[in-house]
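Here is the structure we will look at.
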Amino acid sequence: AQTVTQSQPEMSVQEAETVTLSCTYDTSESDYYLFWYKQPPSRQMILVIRQEAYKQQNATENRFSVNFQKAAKSFSLKISDSQLGDAAMYFCAYRIPVNYGGSQGNLIFGKGTKLSVKP
Amino acid sequence: KAGVTQTPRYLIKTRGQQVTLSCSPISGHRSVSWYQQTPGQGLQFLFEYFSETQRNKGNFPGRFSGRQFSNSRSEMNVSTLELGDSALYLCASSSGTASYNEQFFGPGTRLTVL
């Protein structure tokens, strides 16, 4: 069974500094997708960044980037120039492509990392 | 474009009762997924609907059920509530069935079972 592990329950970063959140996963699949979601205290989850496993290049979205190591099954999120608004729970998630009957496959989430940003 | 809406936002029920939660996806989205979020178990997948058909189901007992209507709105029902069903129930919609498609989450329904 696929699993996602986030080993850091809580992290803290100074405003304007850089922080890296860790995520490892276990799968026997070769084709899959990885996501980082952010859940601010208001609870609405939003997508931060996504990575397709067959793509070697690490995904980047503005101040957010990932370090995807397929062989090591590692998918860490780097937040540069941290801002107060980055404070939230961050969830790493995994999905396998399921191409039958219109299903896109469910997300398997890690337990999350609570990020605090100090002014 | 309006986001995913979920009603009600908060619910308090007692053990043994049943409850129905509603989710309205983003206009044009046909895929709706439900997740349960608890402090202990984290986020767990309940089920996924596409074009009124359940396409995928998580490992939850039969007390948890759902359906999707022709306008893509979805409901989930929990019968014979247990204390352990207290959770935040999240609904997510997606525009298509491709696995890289983003799922847009609603604000959730906070269910408390007394």
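Proteins come first, then strands; the chains are lettered A, B, ... in the order of their sequence lines, and each starts at number 1.
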To check you understand the geometry: which heavy-atom pair defines the closest contact between Q44(A) and V4(B), and what is its length? NE2-O, 4.1 Å
Is there a side chain to side chain contact (heavy atoms under 4.5 Å, CB included) between L43(B) and M45(A)? Walk through the geometry before answering. CA-CA 11 Å; L43(B) 281 147; M45(A) 192 107 67; 3.7 Å; yes
Do L107(A) and Y35(B) come close enough that some side-chain heavy atom pair is under 4.5 Å? yes
Q51(A) portion near chain B, given a 4.5 angstrom heavy-atom threshold: neither
Would you mind checking which part of Y37(A) comes under 4.5 Å of any heavy atom in chain B, side chain (CB onward), backbone (N, CA, C, O), both or neither? side chain
Checking heavy atoms, do the side chain of R110(B), its backbone, both or neither come under 4.5 Å from chain A? side chain
F109(A) and F45(B): aromatic ring centres closer than 6.0 Å? no
Rounded to the nearest 0.5 Å, what's the gap from CD1 on I49(A) to CD on E102(B)? Could you check? 12.0 Å
CG of N71(B): more than 12 outside heavy atoms within 6.0 angstrom? yes
I want to check something: taking the side chain as every heavy atom from C-beta on, are Q37(B) and M89(A) in contact at a cut-off of under 4.5 Å? no
Using a 6.0 Å cut-off, check whether atom CZ of R15(B) has over 12 heavy atoms from anything other than its own residue. no
Would L90(B) and Q39(A) count as a side chain to side chain contact (heavy atoms under 4.5 Å, CB included) if you check the C-alpha gap in whole Å, the side-chain angles of each, and the deciding distance to 0.1 Å? CA-CA 12 Å; L90(B) 295 171; Q39(A) 189 178 41; 4.1 Å; yes
State the CD-CD1 distance between Q44(B) and I108(A), to the nearest 0.5 angstrom. 11.0 Å
Can a donor-acceptor pair be found, under 3.5 Å and without considering hydrogens, that links the side chain of K111(A) to the backbone of P39(B)? no
